[in-house]
Every structure is written in structure tokens, then in C-alpha cells.
Protein chains: 2
Amino acid sequence: MSEFGNRILVVDDEERIRRLLRLYLEKEGYSIEEAEDGGTALQKAIQYDYDLIILDLLLSRIDGIEVCARLRQQKATPVLILTAKGDEVNRVQGFEAGADDYVVKPFSPREVVSRIKAILRRSSATAFVSKDFFFGNNKIVFPHLIIEHDARRVTARGQEVNFTPKEYDLLHFLASSPDKVFSREELLRDVWKYDFFGDIRTVDTHIKRVREKLNRISPEAAAMITTVWGIGYKLEVQKDLFI
Amino acid sequence: MSEFGNRILVVDDEERIRRLLRLYLEKEGYSIEEAEDGGTALQKAIQYDYDLIILDLLLSRIDGIEVCARLRQQKATPVLILTAKGDEVNRVQGFEAGADDYVVKPFSPREVVSRIKAILRRSSATAFVSKDFFFGNNKIVFPHLIIEHDARRVTARGQEVNFTPKEYDLLHFLASSPDKVFSREELLRDVWKYDFFGDIRTVDTHIKRVREKLNRISPEAAAMITTVWGIGYKLEVQKDLFI
DNA sequence: TTTAATTTGACAATATAATGACATGTTTAG
DNA sequence: CTAAACATGTCATTATATTGTCAAATTAAA
């Protein structure tokens, strides 16, 4: 396994999904290759050493499982399976065929990225002093706000603040790239599932709720969520705290 | 953490203060190291495992908070902050950056010593988990709950609580990674056999039973099992940081 | 001041969790 | 060996909480 730029093979018959995954994974520094059908996938997977294979079961129901099972006979490459909701039968078959993880479609790109990181972390037990550890993937600390991702806990002024799932996801996403401005479209794409096409003002409502809850405990923390007029929102780190 | 002779890092730019603290703390059996500025402190703190860090905020106002916050991203070492009288702004920031206690200068050496003892007592109470976990000791100790893995015995309020195998496995699994949230899928995968593909709500039922049994003996212990809405469950460690 | 964008509150539609009752296995005691 | 006690998983029901939409009120920019 290369130290950075892990190679990932994305197998899906929908061009849209392949493009979406490529977009998000390349942003994380992975190197992506694509395959459209099971045959090509299997051939590539055997010929090259990928660090991970993302496999959509809906290629054709039998096909996906079979690719996974036949690959397993020859290689130990981790496999992450994408599958439709409630597709229980395939879930059983998938695990039996040796899949390492499962993601139900529609998925949120962030979730897929984080699961991929988990798989790769697991599969390279030797490299456990990973970048993530040192860069505090788990704990994000700001002057007025602490986010512990494992615990999904947000603390302001030493007091815990309770958020709903979407609220938390939104806040955590903003906090993961402090000072960076995101448009509402971007937020919908990243924090919501990829097939959410509702009202764009939904973002505003959620921002409001996050601010509200933070504000009860710490106005300073609430003030970090900044509106960039005409553009979107960001989580701003105060730099002039010390007078 | 060594049983006696805990290692303490004293960070202060005044030589006089460092000497004073060393004098009193060595008399109590602590082993002292010193750092004169934030950079050195951070470097040492990350490189070595101290049991406590005493940090003077006046190093330079920005520096002290930053050292604390940046340290917190990587380590859980307790921090006691020294600061000038009435420096309210910094006090709030200090706690938010993850300080465990806070002493106003000028301080009485005896007070500092007793606060240090309190911090170390507290931190070893919650840190039992990781320590014992990592060193193969089978005892997981929480304020209201003790789990002895060899004996598969759970004690709350000094009273034994009887669990069925699955219930015990579930509780023990959660207790092995306190504060970490697990989805139902993860729990099924890790606590149940890998080939369990039944109803996901089975987890809920078992959680209910564990809570029920704990609750009869100790509501506090039962309350540790927290539902994270939309995500799953975790076993939460109470943090009574504020005196 | 005008215009466009944002904030906000209320509400309906969804989604998720807690619980109780039951069926089916599995162990234990006699 | 058998019956009772226990453990486990399922499922339907009830109880809660979240999420998205929309339109009116407010605010910012030019």
C-alpha cells in the first residue's frame, strides 16, 4: 500500500455515481480508477493491486456478489459494497462473499469517505500512527467550542450542547474546514445525501437551529457561524481574542 | 501512569515560580520537569507522557491557551493553569481549551499541591479504562460501574448485577470504548456473530434489558447508556470537571 | 430608498426509538 | 429424560424527535 494516494477502484454502472465518488475521493488524495461492469472490474482487480474496491451490487444482482466472491479467491483487497436500501438478501450474500463494509444508497459522500478511511486504517494495522491520529480527526478544538467526533459530543464553555443528527453533521462539517466558506449547494451536497434536491433554504433553517442551541450556552460559539452574504456560511475562527 | 512519583511538567517563564513549584512538588514525591516557553512545552508534552502539566498563561497570553488547545488535540494529559488574578477572559478560554483546573496567582503552594492531588485522583479514576484496557488488566472502572471481564462480573453501587451472555457482551463492548458512539450495525457486527443478519432492532431490545437491570440497582449506571438519536448508542462517562 | 438575501417561526410530514408481548430455542435441575 | 426456567430474537404499537417547506419579517448592500 502506498503511503498516500491510495488506489481505489470504483465499480458502478451509473456514470453519475462514479463521477460523484471520484470527485470526493480525489479531494481526499486517493487515486481513482473506474470500471463499468463486473467483468472489467474483476480483470482490473486481479491485474492491479488496489487498496480498496468500491462495488455497487446493482450492476446486476448476481454479478456484484460474484465479482466479490471470485476476487476473494485470489486477493485480499478490501471491498466496500454499495447497495440499495432494504436489500437484505444481498447484504447476507455480500458479507458471505467477503465484503468489508456496506453502505446503503443513497449515501452521503462524507459517510463513504469516512468509512473508507476506517477500512484502510484497519487494513494497514502497521501504519497505525496515521495522519488522522495526529491531526485530531476525532477532536476539534476551538477557543469556545470543542467537537469530539467519536462521541458526537459538542461542548461550549465546558457544557455539552445537544444537536440532532443533521445539525451535528452540519456543524461538524463546517468545523472540519474552519474559515472556509461553503455555498448552500455545497453544504447540501456534502452534508445531505447525494440525492437530496429539496429547497435550498433548508440549509438556512438548520444553520438557525445550530446557532440557537449554541447561543443558549455560548454566544461566542454561536458567533463563529458566520453568514457570508450572497455566498453562504462558514465557521470562523476568532483571531483577535486577546486584547 | 506510575503508581507514585507522577511526572509533572511545569511551564512558566519565571524561574522563581518554577523553582518554587519544584520545591513543593518534589517534597510530595512528584518528579518534575520544566519548560520555559510554549514551544518547548508542547514538544515535550507530546513526546513524553506526563501525568500533569502546570501551565502559566502569562508565558504570553496567546501562547498559553494555544499550547493547551493544541495539546488537547493530541493528548489527554491533565492541565492545571496558572493565571493572574481577575483574568476572567482567559479563565473561560482556558477551560474551553481543555484545562482541568485553574489557580490564580499569587497562589499558596499548599493549595496548588492539594489541587494537583485532586486532579490526579480524578484523572486516574476516569483513565482506569484506557490504562487497564491497554495493559490487559481486566477491570474497567467507572464512577458508578465496575466490569471485571475475567469473571464477567458487573458491579454497580457495590452490588452485583446479573446479565445474560449477550447483555454482558453488549455492555462490555460499549464499556471498552467509553464515549464512542456505535451504530446498531456496528454493534451487530462486533457483539453478535459475524453471521447475524436479523432485525436491527434486536439491539434496542438488548439495550433495554441492560438498562432495566442496571436501573434496578443504580439509575446513575443505567443513565450511562445513552441513545444518540439517528446514530446508535454509547456508554457515556460522566465528567464532573467543575468543582 | 430599493432590492435582494437572510432570518425566523409555525407546521406538516417523516423518521426513529422505546416498549411489551410473544414465539422459539437453549440450558438447567431434578 | 423431562419440565421448568431462561435467553434470545421478532414484531407491532406507541411515544418521541427530527426534518423540510414556506411565507412573513428582518436585515444588508448599493
Side-chain angles (χ1 to χ4, degrees), chain A residues 85-86 88 92 104 106-108 111 152 154 161-174 181-216 219 222-223 225-234 236, chain B residues 152 154 161-174 181-189 191-216 219 222-223 225-234 236:
Chain A
K85 197 171 179 178
E88 282 304 318
V92 174
V104 174
F107 50 81
S108 102
E111 195 200 348
R152 285 189 147 252
V154 177
V161 190
N162 282 308
F163 290 103
T164 70
K166 269 272 144 39
E167 289 162 10
Y168 176 86
D169 288 347
L170 179 57
L171 176 58
H172 176 252
F173 180 76
L174 290 173
V181 186
F182 294 96
S183 68
R184 291 172 179 75
E185 284 86 354
E186 284 175 306
L187 291 172
L188 278 181
R189 266 215 313 276
D190 285 338
V191 179
W192 274 252
K193 307 279 182 195
Y194 68 82
D195 64 346
F196 179 92
F197 293 111
D199 193 329
I200 197 136
R201 291 290 151 186
T202 295
V203 175
D204 299 38
T205 296
H206 281 267
I207 288 280
K208 179 196 67 175
R209 290 169 179 157
V210 173
R211 281 172 168 159
E212 221 165 67
K213 289 185 176 179
L214 284 176
N215 195 58
R216 277 181 227 148
I225 300 178
T226 311
T227 305
V228 182
W229 221 84
I231 309 292
Y233 298 97
K234 70 175 168 179
E236 191 168 48
Chain B
R152 289 177 78 90
V154 177
V161 190
N162 281 308
F163 289 104
T164 70
K166 269 274 141 40
E167 290 162 9
Y168 175 85
D169 288 347
L170 179 56
L171 177 58
H172 176 253
F173 180 77
L174 290 173
V181 184
F182 295 96
S183 70
R184 291 172 178 75
E185 282 87 352
E186 286 174 307
L187 291 172
L188 280 179
R189 218 180 310 157
V191 178
W192 275 252
K193 303 290 176 201
Y194 67 90
D195 61 350
F196 179 93
F197 293 108
D199 193 332
I200 198 135
R201 293 288 153 186
T202 294
V203 175
D204 299 38
T205 297
H206 280 264
I207 288 281
K208 180 194 67 176
R209 289 168 181 158
V210 173
R211 280 173 169 161
E212 228 165 60
K213 289 185 177 179
L214 283 176
N215 195 58
R216 278 180 225 146
I225 300 177
T226 310
T227 305
V228 181
W229 217 91
I231 308 295
Y233 298 96
K234 68 177 165 180
E236 194 165 45

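Numbers restart at 1 for each chain; the letters A, B, ... are given by sequence-line order, proteins then strands.
The distance between atom CD of A/Glu212 and atom C1' of C/dT8, rounded to the nearest whole Å, is 9 Å. Atom NZ in B/Lys208 sits about 15 Å away from atom C1' in D/dA15, given to the nearest Å. The nearest whole Å value for the distance from the CG atom in B/Asn162 to the C1' atom in C/dT27 is 16 Å. When the C1' atom of C/dA5 is taken as reference, atom CD of A/Glu185 falls 13 Å away, rounded to whole Å. For B/Leu187 and D/dG9, the CG to P distance is 13 Å, given to the nearest whole Å. The CH2-P distance, from B/Trp192 to D/dA7, rounds to 15 Å in whole Å. To the nearest angstrom, P of C/dT16 lies 18 Å from CD1 of B/Ile207. When the C1' atom of D/dT8 is taken as reference, atom CG of B/Leu170 falls 13 Å away, rounded to whole Å.
The closest side-chain heavy-atom distance from B/Thr164 to B/Lys213 is below 4.5 Å. Within the 4.5 Å cutoff, the side chain of B/Val161 has no heavy atoms near those of the B/Arg216 side chain. Side-chain contact check for A/His206 versus A/Thr202: some heavy-atom pair is nearer than 4.5 Å. In this structure, the side chains of B/Val203 and B/Val191 stay at 4.5 Å or more apart for every pair of heavy atoms.
Between the A/Arg211 side chain and the A/Ile225 main chain, a donor and an acceptor come within less than 3.5 Å of each other.
The CD1 atom of B/Ile207 sits 10.5 Å away from atom CD of B/Glu167, with the distance rounded to the nearest 0.5 Å.
A sub-4.0 Å separation between OP1 or OP2 of D/dT8 and a side-chain N or O of B/His206 is absent. Under 4.0 angstrom from either OP1 or OP2 of C/dA5 there lies no side-chain N or O belonging to A/Tyr233.
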- Item | Summary of protein contacts for nucleotides 21-30 of chain D, nucleotide by nucleotide, where a base hit scores B, a sugar-phosphate-only hit scores S (4.0 Å, heavy atoms) | BB-----S--
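Contacts of B/Phe163 with the nucleic acid, taken as non-hydrogen atoms under 4.0 Å apart, are absent. Among the protein residues, A/Lys166 comes within range of the sugar-phosphate backbone only, with heavy atoms under 4.0 Å from sugar or phosphate atoms but none that close to a base.
Summary of helix geometry: the two end axes of the helix from C/dT1-D/dA30 to C/dG30-D/dC1, each defined by five base pairs via their C1' atoms, are inclined to each other by 50° (rounded to 10°).
Counting all heavy atoms, side chain and backbone alike, A/Pro106 lies closest to A/Tyr194 at CA-CE2, 3.4 Å. Nearest heavy atom pair, residue B/Leu174 against residue B/Lys234, reads CD2-CA, 4.4 Å.
In this pair, B/Phe173 and B/Phe182 present their aromatic rings tilted. The plane angle is within the 30 to 60° band.
Side-chain proximity of A/Arg184 to D/dG9, C/dT6, D/dA7: nearest is C/dT6.
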